[in-house]
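For reference, the structure is listed below as structure tokens.
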There are 2 protein chains.
Amino acid sequence: MSKLTIKTLAKELGLSIATVSKALKDSHEISSETKKKVLAMAEQLNYVPNPYASSLRKQKSKTIAVILPEVADNFFSLAINGIQSVAETKNYHVLIYLSHESFEIEKNTVNHCLSGRVDGVLLSVSSETSDAAHFEKLKNENIPFVFFDREFENFAAPKIITNDYECGFLAAKLLLSKGCKHPAFLSTSENLSICSKRSAGFTAALTEEGFIKDKHEFVIDCTGTPDTIFDQVQELLKNNPQIDGIVASVERLAMQIYMVSVANSITIPKELKVVAFSTLETAPILNPSLTTITQPAFEIGKTAAEVLFTMIEKKKHNITADSVMILPSTLIERNSTLA
Amino acid sequence: MSKLTIKTLAKELGLSIATVSKALKDSHEISSETKKKVLAMAEQLNYVPNPYASSLRKQKSKTIAVILPEVADNFFSLAINGIQSVAETKNYHVLIYLSHESFEIEKNTVNHCLSGRVDGVLLSVSSETSDAAHFEKLKNENIPFVFFDREFENFAAPKIITNDYECGFLAAKLLLSKGCKHPAFLSTSENLSICSKRSAGFTAALTEEGFIKDKHEFVIDCTGTPDTIFDQVQELLKNNPQIDGIVASVERLAMQIYMVSVANSITIPKELKVVAFSTLETAPILNPSLTTITQPAFEIGKTAAEVLFTMIEKKKHNITADSVMILPSTLIERNSTLA
DNA sequence: TTGAATATCGAAAACGGTTTCGTAAATAAA
DNA sequence: TTTATTTACGAAACCGTTTTCGATATTCAA
């Protein structure tokens with residue numbers, strides 16, 4: 001049989017298309033009896049309206065885009081969960097795009113969002129992103145968007161982030177208080193807002209304690225695949241035996257540190273203390289249990305979505321710096337930083 | 001300024017809409033010079049066609065739906081990654097829907113997929129799903145879809161799964177070989193294909209070794225939130241001190257088993273051996289390292305997507321039982337099952 | 001009783017592309 | 001030169017909704 005459109009529905013009911021359309025959306029200009037009939041028939045035939053026809057006419061898609069570097073990551077998984085939780089209540093659809101940390105991909109994806117495919121976009125910038133022209137386009141086209149977690153600094157847009165600087169500071173202080181003399185900060189990309197802020201907090205704490213001369217002595221960039229990260233960490237520790245504490249700026253670095261420590265029988269926390277920015281559920285049952293700075297991932301996603309939807313609904317897109325929300329992370333001490 | 005449509009593009013170029021449209025898709029009926037001009041102008045004005053207009057006319061959406069129970073789960077995150085990896089090469093968009101293990105939600109979501117919003121759907125059934133009427137609808141409407149990981153038994157559709165029965169069998173054998181006398185199987189929902197198969201393999205192995213009388217003595221259903229699971233596991237172990245080995249049918253059960261073991265100072269593997277179906281990256285660095293049966297999550301997602309796209313492209317949807325693909329999992333022994 | 005207001009519906013114009021088909025000019029064949 | 005073919009383009013229909021606006025019938029006020 002042919003596709004079930006509103007036209008066939010109308011014919012079946014002996015009504016006009018317009019009437020059926022209005023009846024389905026409970027318009028006041030349709031009598032309640034006809035409404036009942038239409039609803040009944042729609043139910044019976046299992047009619048479900050074509051969303052694209054509707055979107056085309058109404059110029060809104062009931063869809064949002066989420067653009068993020070990767071999905072196989074605890075933080076982002078949880079954030080997606082938070083986003084979904086509010087999208088569901090709004091009856092919105094969510095498209096997921098992965099930038100794979102590539103600037104090019106991110107740019108292209110953002111560009112596609114200019115087409116009207118989505119009513120808004122949630123974005124966590126890739127580590128390569130160094131230019132904001134594509135964000136500017138979104139703004140020019142008046143498409144609501146908000147950064148979550150990884151923002152682009154110096155670009156005015158709503159941002160839902162965590163207290164990265166402060167946490168970097170706290171992490172360093174913790175290591176020092178536990179007796180570390182040569183703590184190091186493992187970054188992934190210093191042009192990533194979260195990393196630069198965390199490392200800034202870290203170095204600030206060290207400076208405050210009179211520890212630091214050269215930033216590069218203590219802040220190391222680690223990028224690449226898990227394997228290459230493993231190698232880098234191994235090299236680092238081999239060439240710098242004085243390092244007795246590490247702050248891992250992101251989760252996957254922490255895992256490799258542990259891997260390296262078992263491979264080279266470095267005992268944590270005796271020889272090396274570790275604190276990691278991480279939402280790993282398994283942190284308490286690692287060997288040893290891992291001290292973490294845990295971001296409120298779900299809440300970040302959730303509030304980012306909420307902000308986005310108020311923008312979509314209020315058509316008030318010109319929100320600026322004052323719409324930055326900071327959801328604090330929590331430092332949870334465990335055995336990897338025992339004195 | 002007003003929206004940039006193909007109409008304004010045409011006007012700007014002094015060409016007809018039809019010509020511009022054809023030029024943009026490199027039609028042979030357009031001269032190469034006009035094509036060049038059109039492309040240049042499109043590039044300059046940053047024209048990006050309205051996907052809904054296109055979808056409406058062409059009756060295809062370049063979009064697939066992925067319906068799964070949850071996303072904050074290692075397996076599903078990796079599977080999504082696999083799905084994305086092929087969707088990207090096909091220039092397809094992917095919509096993510098979460099059923100939250102609810103049959104109702106799954107049904108509604110599937111129903112929405114009947115609207116033409118998507119060209120195909122990838123689905124991992126919820127643990128509550130006991131009826132296949134909604135799948136039947138998809139089939140009737142000729143919408144390609146394939147199950148991944150969690151299939152619906154007795155429903156003919158392409159399925160990309162792993163060797164659950166065999167792995168359940170192997171897990172039991174492993175525990176027995178390590179000296180366990182009273183192994184238990186922690187299930188989450190016995191009407192879930194993966195769990196019933198895994199437990200069937202498990203009990204088969206026990207039966208083969210002359211161990212079992214009553215299935216329910218050894219197979220326990222654990223559902224709920226992490227907290228309630230914790231309580232259930234704790235109760236189980238308290239009331240059944242004879243249990244000296246556990247097969248965790250899903251990842252989140254394993255985590256709670258570890259939590260319970262630290263809370264009650266039960267030593268793994270001495271007092272309790274554990275093997276878990278899991279893709280946890282942290283398995284090697286847990287305390288103790290966790291023996292896992294690791295599913296090829298990425299590959300399952302990837303091949304599921306590949307199968308889906310061949311269905312979409314070939315318009316050959318009537319694939320039946322013979323299109324079941326089994327990607328084997330691998331048992332990785334670690335310290336949680338040391339003899 | 002008459003004019004105005006209201007209730008209920010339908011015709012038709014959008015929305016922004018794609019595609020069919022027709023046409024005019026240019027080229028090739030006769 | 002005439003006819004047939006090819007090339008390059010445009011007019012218009014179409015996809016399935018929503019929405020404006022007009023039309024008719026009914027109810028109400030005067």
Side-chain angles (χ1 to χ4, degrees), chain A residues 1-39 41-42 45-63 93 112-119 141, chain B residues 1-39 41-42 45-63 93 112-119 141:
Chain A
M1 65 201 178
S2 73
K3 270 138 298 283
L4 175 59
T5 75
I6 203 175
K7 193 180 295 182
T8 63
L9 238 191
K11 189 165 295 175
E12 201 73 27
L13 286 157
L15 291 170
S16 79
I17 297 177
T19 305
V20 175
S21 176
K22 291 172 192 164
L24 287 174
K25 34 184 32 199
D26 203 26
S27 162
H28 67 276
E29 22 177 328
I30 304 296
S31 73
S32 49
E33 304 127 66
T34 9
K35 277 182 193 170
K36 231 171 286 175
K37 271 187 275 182
V38 171
L39 266 305
M41 182 67 78
L45 299 187
N46 198 40
Y47 167 72
V48 28
N50 183 307
Y52 295 140
S54 171
S55 290
L56 177 58
R57 178 61 228 244
K58 297 204 291 186
Q59 297 288 57
K60 62 195 306 272
S61 62
K62 282 251 168 197
T63 305
H93 303 260
H112 277 298
C113 291
L114 266 30
S115 64
R117 185 185 290 277
V118 296
D119 296 342
E141 299 280 344
Chain B
M1 67 199 179
S2 72
K3 269 138 298 283
L4 175 57
T5 73
I6 202 174
K7 194 178 296 183
T8 63
L9 239 191
K11 191 164 295 176
E12 200 75 26
L13 285 158
L15 289 172
S16 77
I17 297 177
T19 305
V20 175
S21 175
K22 291 173 192 165
L24 286 174
K25 33 184 34 198
D26 203 27
S27 163
H28 66 276
E29 22 177 330
I30 304 296
S31 74
S32 49
E33 304 125 67
T34 5
K35 277 182 193 171
K36 232 172 284 176
K37 272 187 274 182
V38 171
L39 266 305
M41 182 67 76
L45 300 186
N46 199 39
Y47 167 73
V48 28
N50 183 308
Y52 296 139
S54 170
S55 289
L56 178 58
R57 178 60 230 244
K58 296 203 290 185
Q59 297 287 57
K60 61 196 308 271
S61 62
K62 282 245 166 205
T63 305
H93 304 260
H112 278 297
C113 292
L114 266 30
S115 63
R117 186 185 289 277
V118 295
D119 296 342
E141 298 281 344

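Each chain gets a letter, A, B and so on, in the order its sequence line appears, and its residues count up from 1.
Nearer the 5' end of DNA chain D, as judged by each residue's closest nucleotide, is the contact made by B:Val20, out of B:Val20 and B:Leu56. Each of B:Lys58 and A:Thr34 has a nearest nucleotide on DNA chain C; the 5'-most of these lies closest to A:Thr34. A residue-by-residue look at B:Gly14 and A:Tyr47 shows that B:Gly14 has its nearest nucleotide of DNA chain D further toward the 5' end.
With hydrogens and angles left out, the side chain of A:Glu29 and the base of C:dC9 share a donor-acceptor pair within 3.5 Å. For B:Arg57 and C:dT18, a side-chain-to-base donor-acceptor distance below 3.5 Å is present, hydrogens and geometry of angles not being considered. For C:dG17, the base has no donor-acceptor partner in the side chain of B:Lys22 [N/O atoms by modelled type, under 3.5 angstrom].
If you take NZ of B:Lys7 and C1' of D:dA11, they are 13 Å apart, rounded to a whole angstrom. Protein atom NZ of A:Lys11 is 12 Å distant from nucleotide atom P of C:dA11, rounded to whole Å. Atom CD1 in A:Ile6 sits roughly 19 Å away from atom P in C:dA14 (whole-Å rounding). For A:Leu114 and C:dG16, the CG to P distance is 15 Å, given to the nearest whole Å. Put simply, CD on B:Glu33 is 13 Å from C1' on D:dC9, counting in whole angstrom units. Here D:dA8 presents its P atom at 14 Å from CG of B:Leu15, a figure rounded to the nearest Å. Atoms NZ (B:Lys3) and C1' (C:dA14) sit 14 Å apart, rounded to a whole Å. Here C:dC9 presents its C1' atom at 13 Å from NZ of A:Lys35, a figure rounded to the nearest Å.
A:Ser115 and B:Asn50 share no donor-acceptor pair across their side chains, judged by distance under 3.5 Å alone.
With a 4.5 Å cut-off on side-chain heavy atoms, A:Leu114 and B:Asn46 count as touching. Inter-residue side-chain proximity for B:Ile6 and B:Pro49 is flagged as unmet; no heavy-atom pair is nearer than 4.5 Å. Within the 4.5 Å cutoff, no side-chain heavy atoms of A:Arg117 are placed close to those of A:His112.
In plain terms, the two heavy atoms of A:Thr5 and A:Tyr47 that are nearest each other are C-CE1, 3.7 Å.
When the nucleotides C:dT18, C:dG10, C:dG16 are ranked by their closest atom to the side chain of B:Lys25, C:dT18 comes out on top. Listed nucleotides C:dC15, C:dG17, C:dA12 differ in distance to A:Ala18; the shortest reach to its side chain belongs to C:dA12.
Dashed line: the shortest gap from a side-chain N or O of A:Ser54 to OP1 or OP2 of D:dT17 is not under 4.0 Å. Residue A:Ser31 places no side-chain N or O under 4.0 Å from the OP1 or OP2 atom of C:dA7. Close to D:dG16, at under 4.0 Å from its OP1 or OP2, lies a side-chain N or O of B:Gln59. OP1 or OP2 of C:dC9 has not a single side-chain nitrogen or oxygen of A:Thr19 nearer than 4.0 Å. The phosphate of D:dA11 (OP1 or OP2) has no side-chain N or O of B:Ser16 nearer than 4.0 angstrom.
Side chain of B:Ser55 to backbone of B:Pro51: a donor-acceptor contact under 3.5 angstrom is found.
If you check every strand for non-hydrogen atoms under 4.0 Å, B:Ile17 touches a base.
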